[in-house]
Chemist: 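Here it is, the structure in full.
So you know, we letter chains A, B, ... as the sequences are listed, proteins then strands, and number each from 1. Keep in mind it's a predicted model, so treat the numbers as computed, not measured.
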Amino acid sequence: MLTIRRWVRITPTGAVIDGRPVHLEPTEDPLLVALYRQRVGSYPKFFKMDPLCRAGFIASELLIGEEPSRFTPRGDRAVVLFTHSGSFASDSHYERTICDRAEYYPSPAVFVYTLANILTGEIAIRNRYFGETSCYLLDRRETSVLAATTREAFLDEETHSVLCGWVDSPDPDCFEAVLFLVEESDEGPEWIDDNICKVMNDK
Amino acid sequence: MESALEHELIVREGDNIVSPLGLDTAATLRAVVAGESALRRYEGLWDLPEPFVASLLDFGAIDRALSARYGAERLAGYSEFERLSILSAACALDEAGIDPSSERVLFFLSTTKGNVALLETDNRYREEVLPDWSARRIASFFRNPNPAVVVSNACTSGLCAQIAAMRALWSGRCDRAVVIGADRQSRFIVSGFQSFKALSPEACRPFDRNRTGLNLGEAAATVIYARRRREEVTPQMWIACRGAIRNDANHISGPSRTGEGCYRALQAVLQGVDPGELAVVNVHGTATLYNDEMESIALDRAGLTGVPVNALKGYFGHTMGAAGVLESVLTMHALDEGLVLGTRGYAECGVSHPQSLTSRHVPTTRRAFVKMLSGFGGCNAALLFKRGGEIC
């Protein structure tokens with residue numbers, strides 16, 4: 001049976017791991033930066049990331065940060081993420097760098113983030129995952145497609161664990177990341193629509 | 001996870017290519033066999049400060065073909081990107097002869113930037129600039145009732161979308177999968193690749209020692225897959241056997257120096273395959289220094305040195321979200337004609353692990369090939385195709 005081994009949800013109001021709110025010391029930092037400083041740290045690439053990647057990256061850190069031997073290279077874990085707005089925040093940012101003929105300064109550092117799958121790459125690089133990375137664009141209501149596509153990722157014989165879920169950030173102030181660690185196991189809620197919706201829509 | 005359906009084979013039922021070389025697969029193949037290229041030099045186009053070489057569509061021809069088919073009114077309100085995708089899907093659906101409005105049909109859209117050019121006139125957030133919107137519009141044009149999925153895995157999307165479709169068929173989620181790959185070029189994309197210094201000032205030269213970068217291209221291609229029991233497969237049918245997606249875990253915009261993800265993807269699809277069965281490995285072959293070098297290392301590590309290799313970007317550039325579908329389909333049709341297509345632009349080996357490339361088309365009787373792609377985000381994909389079912 002595929003089950004949810006652990007889940008994380010982050011919205012601008014706070015972060016929750018397996019239903020328990022993450023406690024943060026008071027700070028002026030925006031939530032994702034505060035989570036980075038207080039719960040992650042020593043990975044300055046975080047500050048280069050665009051809003052979508054920041055949200056997904058921090059959620060992934062909360063999801064697997066305490067895993068034993070976590071940085072040992074592995075090929076058996078896939079990263080399969082779903083988003084609706086995708087790279088829009090970076091698309092819009094990049095467009096502003098080229099729209100004015102007089103102020104034309106296209107930047108490779110911005111352009112690279114105009115691909116939504118960079119999010120999956122950032123997580124693979126951080127954790128040394130050589131397995132599958134896939135990114136899909138989807139309407140948020142289509143959780144059944146999210147559930148089925150994740151289940152089908154296990155059809156790859158080398159994939160025995162999937163870090164998956166929903167990440168969206170149409171602009172830096174508006175973000176949502178709901179990540180799951182899904183594995184073949186007897187423990188944890190079953191990987192089915194109802195359980196996914198419960199986590200995604202928990203207010 | 002295993003089900004009875006996983007023992008069935010994924011067969012191609014129809015396909016189409018809309019490219020600057022032709023509005024269907026046959027016309028595109030004829031032009032490629034004749035050695036034509038759609039790559040042209042553009043100066044001042046889209047008000048870009050630097051000239052560039054690209055393969056661009058004549059949109060008038062696409063709209064005439066669509067109008068002849070549906071009348072101009074039905075296409076009103078669809079963007080160029082969506083119209084291009086609709087034309088390609090419509091032609092492939094004709095060949096497959098299936099009803100796209102069936103709830104047992106799923107649509108997959110492979111694109112990297114979809115309607116991004118719409119940001120030029122209005123840079124605000126709205127549904128129609130999101131590729132997911134285009135996918136739903138395209139599927140509903142064909143009255144398909146299911147949510148369409150966009151596969152957004154950068155330049156590997158065209159293979160990843162086929163792999164996603166294969167899995168949906170194996171899991172029984174659908175009986176037919178329509179995989180559309182498409183991208184339009186624009187000021188947005190060209191300026192971005194220019195900022196990366198990735199564009200060649202002349203027609204690209206994949207794997208060649210004088211290669212200086214890639215050319216962008218626009219196209220759409222569609223392939224339609226169905227599931228078949230082994231005994232139903234005829235020797236003429238193309239089978240999508242096995243696909244794999246692997247990450248380099250190295251860098252978001254540079255390929256791995258060891259070709260790690262690419263090698264691992266190849267290794268996964270080649271299990272139990274004698275390289276001598278392969279007519280060709282159709283590589284990504286963008287003609288950037290790093291991509292082609294990385295692929296040569298991965299091919300060598302996978303034990304494929306000696307197998308014929310080709311790259312098709314010299315005919316129609318790097319068509320991004322379309323590339324995986326277009327190049328897979330074109331390779332199937334070329335092999336149906338008994339040909340391994342030549343690598344246009346190649347003259348002299350320019351990679352550290354020399355591969356068997358030539359600019360000429362070469363006859364073959366082999367019936368299997370591997371398609372490879374790599375892209376930003378460290379992703380790599382490979383897919384094994386075979387004609388006839390006995391060896392899958």
Chemist: Show me the donor-acceptor pairs, under 3.5 Å and distance only, between side chains in residues 39-51 of chain A and residues at least two apart or in other chains.
Modeler:
residue: D50(A); atom: OD1; partner: L52(A); partner atom: N; Å: 3.4
residue: D50(A); atom: OD1; partner: C53(A); partner atom: N; Å: 2.9
residue: D50(A); atom: OD2; partner: S90(A); partner atom: OG; Å: 2.7

Chemist: Less than 4.5 Å apart, any side-chain heavy atom of V151(B) and any of Y136(A)?
Modeler: yes
Chemist: Can you say whether N123(B) sits under 4.5 Å from chain A via the side chain, the backbone, both, or neither, judging by heavy atoms?
Modeler: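 For N123(B), heavy atoms of backbone and side chain both lie under 4.5 Å from chain A.
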Chemist: Determine whether H84(A) and E127(B) make a side-chain contact, defined as any pair of heavy atoms from C-beta on separated by less than 4.5 Å.
Modeler: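 Yes; the side chains approach each other to less than 4.5 Å.
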Chemist: For the interface with chain B, which of R141(A), E157(A), R101(A) has the highest count of heavy-atom pairs at distances below 4.5 Å?
Modeler: R101(A)
Chemist: Could you tell me which of D156(A), D91(A), D139(A) has the largest number of non-hydrogen atom pairs under 4.5 Å with chain B?
Modeler: D91(A)
Chemist: Distance-only check: which donor-acceptor pairs under 3.5 Å involve side-chain atoms of residues 152-162 of chain B, not counting sequence neighbours?
Modeler:
residue: N153(B); atom: OD1; partner: C135(A); partner atom: N; Å: 2.9
residue: N153(B); atom: ND2; partner: T133(A); partner atom: O; Å: 3.1
residue: T156(B); atom: OG1; partner: N153(B); partner atom: O; Å: 2.7
residue: S157(B); atom: OG; partner: N153(B); partner atom: N; Å: 2.8
residue: S157(B); atom: OG; partner: A154(B); partner atom: N; Å: 3.3
residue: S157(B); atom: OG; partner: A154(B); partner atom: O; Å: 2.6
residue: Q162(B); atom: OE1; partner: Y225(B); partner atom: OH; Å: 2.6
residue: Q162(B); atom: NE2; partner: G158(B); partner atom: O; Å: 3.1
residue: Q162(B); atom: NE2; partner: G324(B); partner atom: O; Å: 3.2
residue: Q162(B); atom: NE2; partner: S328(B); partner atom: OG; Å: 3.4

Chemist: Can you check whether Y125(B) reaches D171(A) side chain to side chain, under 4.5 Å on heavy atoms?
Modeler: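 They are not in contact (no side-chain heavy atoms under 4.5 Å apart), so the answer is no.
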Chemist: What I'd like to find out is whether the side chain of C99(A) reaches to under 4.5 Å of the side chain of R187(B), using heavy atoms alone.
Modeler: no
Chemist: Mind checking ring-ring contact (aromatic ring centres under 6.0 Å, His included) for F108(B) and listing every partner two or more places apart, or none if nothing turns up?
Modeler: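 Here no residue qualifies.
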Chemist: Measure distances from A135(B) to the heavy atoms of chain A and classify the residue's part below 4.5 Å as side chain, backbone, both or neither.
Modeler: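 For A135(B), neither part sits under 4.5 Å from chain A.
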Chemist: Just to be sure I understand the criterion: a residue of residues 110-129 of chain A counts if one of its heavy atoms is under 4.5 Å from a heavy atom of chain B. Which ones qualify?
Modeler: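 If one takes a 4.5 Å heavy-atom cut-off, the residues of residues 110-129 of chain A near chain B are F111(A), V112(A), Y113(A), T114(A), L115(A), A116(A), N117(A), I118(A), G121(A), E122(A), A124(A), I125(A), R128(A), Y129(A).
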